[in-house]
Asker: 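A single structure is presented below for examination.
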Amino acid sequence: MLFNSYPFLLLFLPMVLGGAFLAASRRARLVVPWLVVASLFFYGWWDPRYVPLLIGSILFNYLAGESIAQRGGARGGRSRWVLYAAVGANITLLAHFKYAGFLAANASALLGLDVQAGSITLPLGISFFTFTQIAYLVDVYREPVRYRFLHYALFVTWFPHLIAGPILHHREMMPQFEDERRYKLDFDNLAAGVTLLAIGLFKKAVLADGIAAYAAPVFESAPHGHAPSTLEAWGAALAFGLQLYFDFSAYSDMAAGLSKMFGIAMPLNFDSPYKAVSIIDFWRRWHITLSRFLREYLYFSLGGNRRGKTRRYINLLLTMVLGGLWHGASWTFVIWGALHGVLLAFNHAWREARAHFAAGPRWLRRVERGAGAVATFVAVFAAWVVFRAEDLPSALSILRGMAGLNGTVLPPPWLVAIADAGRWLATQAWALPAPFVRWVATHVATIDASMPRGLAEGRGAGVLISQAQLAWIGALLSVAWFAPNTRQIMAHSDAFIGVTGTSATLAGLVWRKDRGWAIATALLLVVALMSMSTTSEFLYFQF
């Protein structure tokens, strides 16, 4: 069941909300089991065959956590082996469903054998609920803690996060799930939650789905030998990067809004990553809970930066390679992760080298910050090409196009406009140097000679990148760069854990429970619902 579907919005959500509020007003202890059952139903809507898998995972990890806690965690001798066995079982389960086919294909290619993994369907959200529970087990080992089973089950199955995150942390969520007062009907929570839901639904149905069509043609034609020109390649890369940005931002907003309706705050998972001024800054803003998991449970476990600079960079690279592999069983994801690992290593090395020099005047710091933002943006979007492409040759073809190596072909209307501007410049001999005027006239003649007669006269129409695509890219980049983000807008709603306050410049845009915001929310909902002619999955569902 998708958040951006009519069955979810018009049937499931009202029924679950109504049942929770009714139970809270009469028998508060029934709210948690009601929400657990509702979350399992939500998960089973996709494929009920995998509900037992989810339940089995919850039971196994809860019992493993109890066993570790009873043995005293890190202070107990045998608890370490329980932790190793439990984490190993989780990784084995994830590897079977997510990587068996990938491993079999590579073993076949490497060994020359016919290794078959069989037909395996990837259960939705398996990476998210597996990582959530691995983090829980490691934390219980480090500092033993025990919870009631139903609260733990709700922590894992909580439907707003179950399919595509964020990756929840038990110390942030369990105290909320255990507080029965949170589940009572609260119009402030409802108003804030509906606003977040409306913002997210608009981002998904209007913005992300609106630009999606401009990314697909180039990425789908590249495996068949099409070498995109510079404009085509950049148009596709920008379109996909913006589609992914608003798609993931939409899910994060909707998840937080749905959770807030029930009185539960969620961790911030998305914070304007395209405003980042470095790769380090980018990963503090993009998929924040995954970055936290990789840092605290993988990078630190590998030794972090405690064993010298060389080991630190190796640990960064390994962490990001595994983070890339988490996204999918494909070499393109591995390479994408490795690219970010290398970029992070260079970023840390630059920071260390830069620290030995004076900060310089303010204008120089601004130039450095601007150069960092541009370099980060280009690097992130180039890496997105590898992330999106079907295979490495397709990615390289598009990257060559972005670098101008496939040729730069301008749409005919652009050529007409350039030729017209050149003809005007050629008439300004009185004000321009004669060599420049001759150079312009020569190139205008070349353009005229290269175009059919109708185009040279300004009557042609064909384009390689449409005005609509340019308009979409320009509009969405403006939103990503200059508009306040959801964290800033909803700063006073307590929808995100630990996020409070806002800057004075945003005071007029901060959400509040009043008529103006009610009207704005209603308009966003109406436009989004009218745009849902087809239901499209969130991109992070495949991970």
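If you read the sequence from its start, that first residue is 1, and numbering goes on from there. Computed from heavy atoms alone, side chains included, the values below leave out hydrogens, waters and symmetry copies.
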Asker: Quick test of your reading of the model: are E296 and R171 salt-bridged, counting only N-O distances below 4.0 Å?
Answerer: no

Asker: Looking only at side chains, do W158 and S259 share a donor and an acceptor under 3.5 Å apart?
Answerer: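 Note: W158 and S259 side chains meet the donor-acceptor criterion.
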
Asker: With a 3.5 Å cut-off and no angle check, do the side chains of S493 and W511 form a donor-acceptor pair?
Answerer: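 Checked: S493/W511 side chains show no N/O donor-acceptor pair below 3.5 Å.
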
Asker: We want to know whether S291 and R295 form a side-chain donor-acceptor pair, criterion being a heavy-atom distance below 3.5 angstrom.
Answerer: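 No, R295 and S291 have no side-chain donor paired with an acceptor closer than 3.5 Å.
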
Asker: Can a side-chain donor-acceptor contact be found between N269 and T289 if the only test is distance below 3.5 angstrom?
Answerer: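 N269 and T289 do have a side-chain donor-acceptor pair below 3.5 Å.
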
Asker: E66 and Y147: side-chain donor and acceptor closer than 3.5 Å?
Answerer: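 Result is no, nothing qualifies.
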
Asker: Is a donor from one side chain sitting under 3.5 angstrom from an acceptor on the other, for D139 and Y297?
Answerer: yes

Asker: Taking the six-membered ring for Trp, is the centroid-to-centroid distance between F131 and W326 below 6.0 Å?
Answerer: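 Yes: the rings meet the under 6.0 Å criterion.
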
Asker: Have a look at Y245 and tell me which of F282, Y274, F240 forms a ring pair (Phe, Tyr, Trp, His ring centres under 6.0 Å) with it.
Answerer: Y274

Asker: Looking at every non-hydrogen atom in both residues, tell me the closest pair between K204 and D247 and how far apart they are.
Answerer: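 That would be NZ-OD2, 2.5 Å.
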
Asker: Report the distance from atom OG1 of T376 to atom CG of L343, rounding to the nearest 0.5 Å.
Answerer: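 Output value for this atom pair is 8.5 Å.
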
Asker: Should the pair F97 and Y50 be assigned to parallel (<30°), tilted (30 to 60°) or perpendicular (>60°) ring geometry?
Answerer: perpendicular

Asker: Could you check whether K260 and T195, counting side-chain N and O atoms only, form a donor-acceptor pair closer than 3.5 Å?
Answerer: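 No.
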
